There are 2 protein chains.
Amino acid sequence: MLRPAPLSYGSMNKKVNIKDIAKLANVSHTTVSRALNNKSRIRQETKEKILSIARELGYRPNLIARSLVMRRSKTLGLVITNIANPFYTELAQGIEKTATQLGYNIILCSTQSDISNEKQYIEMLRSKGVDGIIFSSAHMEDPNIVALAEEGFPIVLVNRRTYHPLVKKKVDYIGIDNILGGYLAVEHLIRLGHRSIGVIGGSSESSVGVERLEGGKRALQTYGIMQREDYFIEGNFLKTSGYEGGKQFLNMLERPTAVFATNDYMALGVYQAFLEAGLRIPEDVALIGFNDIEFTAMKGVELTTIGQKKFEMGAIAVERLVARIEEGNESFLPKEILLTPELIIRKTCGFHLREYLIESRRGLMDQR
Amino acid sequence: MLRPAPLSYGSMNKKVNIKDIAKLANVSHTTVSRALNNKSRIRQETKEKILSIARELGYRPNLIARSLVMRRSKTLGLVITNIANPFYTELAQGIEKTATQLGYNIILCSTQSDISNEKQYIEMLRSKGVDGIIFSSAHMEDPNIVALAEEGFPIVLVNRRTYHPLVKKKVDYIGIDNILGGYLAVEHLIRLGHRSIGVIGGSSESSVGVERLEGGKRALQTYGIMQREDYFIEGNFLKTSGYEGGKQFLNMLERPTAVFATNDYMALGVYQAFLEAGLRIPEDVALIGFNDIEFTAMKGVELTTIGQKKFEMGAIAVERLVARIEEGNESFLPKEILLTPELIIRKTCGFHLREYLIESRRGLMDQR
DNA sequence: CCCCTATGCGTTAACGTTAACGCTTTTGTA
DNA sequence: TACAAAAGCGTTAACGTTAACGCATAGGGG
């Protein structure tokens with residue numbers, strides 16, 4: 001045993017690195033690196049010795065140095081419009097959890113839907129050397145994302161997407177079948193007997209909004225119901241815009257007997273507008289939302305809505321991105337993964353017989 | 001002009017670094033570094049030249065290399081129990097926003113309240129070289145946090161805290177005055193005439209739970225109301241535990257006429273339990289929560305609760321942590337910053353006269 | 001017994017940046 | 001005009017890690 005200065009062992013405050021270990025173990029720092037990353041070409045004995053010294057010294061690997069030489073940071077960026085939105089929160093949870101399971105960390109970026117914010121975040125993330133970026137904030141037209149796709153930087157689109165052909169050809173998209181979701185929502189209303197159905201769309205800059213609207217229109221078409229232009233109101237996914245939209249419907253001469261809001265926030269806004277006007281839900285007007293955010297299930301609300309597996313969506317997105325990173329961006333063929341939405345019948349449409357549910361499902365199968 | 005190979009300018013795919021710029025500018029890479037970090041001792045002319053070349057080449061600084069040499073990463077860790085909780089979400093938003101304003105990024109860590117998860121995250125964060133860590137997940141007894149405080153690693157406690165003397169002596173805590181909040185809640189109930197008040201506490205491992213409970217007890221004491229042991233139920237901050245607690249109250253011979261739940265989630269659970277039992281709120285039983293999470297304001301719920309500035313809380317926490325990092329940990333004296341909670345009167349306590357509110361405030365001032 | 005191939009290590013050079021130091025050249029002042 | 005000080009820049013060495021390469025020694029087959 002030739003270890004010098006054993007007294008300095010335990011509580012030394014200075015950060016210990018691979019060379020410190022090397023000295024104590026009488027080997028080169030490369031050997032220490034080999035031991036720590038248990039590579040081959042090292043004797044079991046010396047390896048154990050090194051590992052024990054490392055433990056004694058409280059060695060903590062410097063991942064910054066490692067990142068510099070490996071050109072891999074084991075870090076991902078998550079670019080989201082707004083963390084405060086419970087939808088994104090659940091998504092983020094799925095993302096964070098599977099990322100850590102796969103050995104990656106997440107840097108959080110909240111763009112507030114501002115595309116120049118998004119750009120700045122992207123620059124920062126790339127400067128920090130993230131291995132890939134998860135976007136759940138894509139605009140329909142998003143030059144930032146097109147540029148990244150063009151360059152071949154590993155990204156994944158989750159929830160929202162871009163229709164740009166190059167992006168479609170190069171990057172993964174994980175979402176739900178929003179067209180089907182919109183279809184299910186409006187079909188539900190139709191099957192309950194509604195013929196005048198108002199729809200509050202999301203922002204036309206977001207793919208999910210237009211897709212859900214499209215699904216709703218297809219349902220109307222399938223069931224041969226006339227589409228009135230004034231029954232389609234464009235919102236912005238915020239509760240206030242649902243509230244405003246609800247008021248617009250209230251002021252109409254022929255007010256719709258049912259409303260489909262393309263997300264729950266807006267549905268809650270509509271709900272409030274109707275309640276304030278003295279209407280009863282579902283007796284006077286039916287209401288259906290989209291997303292199934294946690295609180296819509298609450299007593300006193302119990303919104304009928306379209307559910308989706310947000311956690312799973314996030315998980316899949318990360319798995320795909322990490323696979324792409326580790327298998328190499330070029331050889332990795334892109335996929336579009338659409339999860340299936342689910343009609344969640346609660347109380348705001350006033351009908352919840354089991355038979356109906358079953359029949360409805362069958363009806364759907366026939367259509368598609 | 002001696003720039004060689006100008007054709008390689010625009011679209012070269014290889015990552016450009018400081019030395020590439022140096023070559024084109026006929027200077028040393030150090031000069032380029034000086035130009036980019038606009039340090040002194042550089043001629044305006046060469047600086048502009050370098051900057052323009054950098055722009056042309058699409059230079060992006062490698063912050064990993066910079067971190068390695070500077071021993072600063074401009075990255076903070078955020079250790080949270082659960083992102084999905086809307087309370088933490090709003091907090092996180094405040095944190096993320098002010099962090100980016102100050103030039104820092106946030107690595108997100110969700111511990112699920114597991115202290116060994118927390119430990120692993122801390123190790124990872126430190127390996128990744130974060131400059132500091134924000135904890136909103138502290139247990140009352142949290143060896144991880146004590147260790148960090150001991151070592152002098154920059155951290156800040158937000159929302160939750162530890163009572164360990166060393167931690168109190170060394171690290172900042174940003175929260176609200178939970179004792180006052182609990183006091184306000186119970187006082188509100190008392191002033192409405194309630195004398196038998198049930199309380200559902202949070203986990204005894206969390207400081208906020210015990211403090212709010214303590215505040216409630218002080219209110220009872222101040223107003224000379226007997227404290228019944230069986231009226232204090234320990235919950236765990238989840239909705240289910242509120243639901244269970246509510247059921248316990250329902251089964252009592254002398255059921256309390258009002259309930260204070262130490263967070264909104266549990267209050268909503270209680271709400272559901274009572275509604276299912278056919279009770280009306282507030283006519284049959286009054287209910288008050290704590291936190292003012294977004295959805296408690298919804299039509300159909302409208303929970304009376306104790307509000308707090310979550311966004312601001314997060315913002316202050318980051319400001320303090322960054323100040324500590326940049327001014328040096330030793331010279332930085334720790335502070336305890338308590339924001340003031342606010343009684344938010346909605347409908348679940350059945351009383352909302354303006355006069356009462358004013359009077360209530362005055363009453364409070366007298367007490368303290 | 002010799003050669004050939006593993007095995008077990010050390011040497012050296014990256015990765016891209018900043019910082020200490022030192023050398024010219026300019027500027028300012030007596 | 002001379003000389004100190006400052007400005008402007010280059011050289012070199014870090015930061016902590018991995019990887020390519022090379023050199024011994026041990027083991028195995030002819």
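Below, chains carry the letters A, B, ... as their sequence lines are ordered, and counting in each starts from 1. The analysis underlying the following values was restricted to heavy atoms, covering all of them including side chains, and did not include hydrogens, waters or symmetry mates. The shown structure was predicted, so the numbers you read here are calculated from the model rather than taken from an experiment.
Closest-nucleotide positions on DNA chain D for B:L68 and B:K47 were compared, and the one nearer the 5' end corresponds to B:K47. Along DNA chain C, the nucleotide nearest B:M70 and the nucleotide nearest A:H29 are compared for position; the residue whose nucleotide lies closer to the 5' end is A:H29.
Considering only side-chain N and O atoms, B:R71 lies under 4.0 angstrom from the phosphate OP1 or OP2 of D:dG16. Listed pair B:N17 / C:dG16 meets the phosphate criterion, a side-chain N or O lying under 4.0 Å from OP1 or OP2.
A salt bridge links B:D172 to B:R324: one of the charged nitrogens lies within less than 4.0 Å of a carboxylate oxygen. A salt bridge links B:E326 and B:K74; the closest N-O separation between the charged side-chain nitrogens and carboxylate oxygens is under 4.0 Å. A salt bridge is defined here as a Lys NZ or Arg NE, NH1 or NH2 lying under 4.0 Å from an Asp or Glu carboxylate O, and A:E336 with A:R161 meets this definition.
Contact annotation for A:R34: base contact, defined as any heavy-atom pair under 4.0 Å involving a base atom. Within 4.0 Å of B:R43, counting heavy atoms only, lie sugar-phosphate atoms of the nucleic acid but no base atom. Residue contacts shown for B:K39 are limited to sugar-phosphate atoms, with no base heavy atom under 4.0 Å away. Backbone-only engagement by B:T46 is indicated by non-hydrogen atom pairs under 4.0 Å involving sugar-phosphate atoms exclusively. When heavy atoms are screened at a 4.0 angstrom cut-off, A:R66 is found touching the sugar-phosphate backbone but no base atom. At the heavy-atom level, B:S40 lies nowhere under 4.0 Å from the strands shown. As judged by a 4.0 angstrom heavy-atom cut-off over every strand, B:T31 is placed among residues touching the sugar-phosphate backbone only.
A donor-acceptor contact under 3.5 Å is formed by the side chain of A:T30 with the base of D:dA19.
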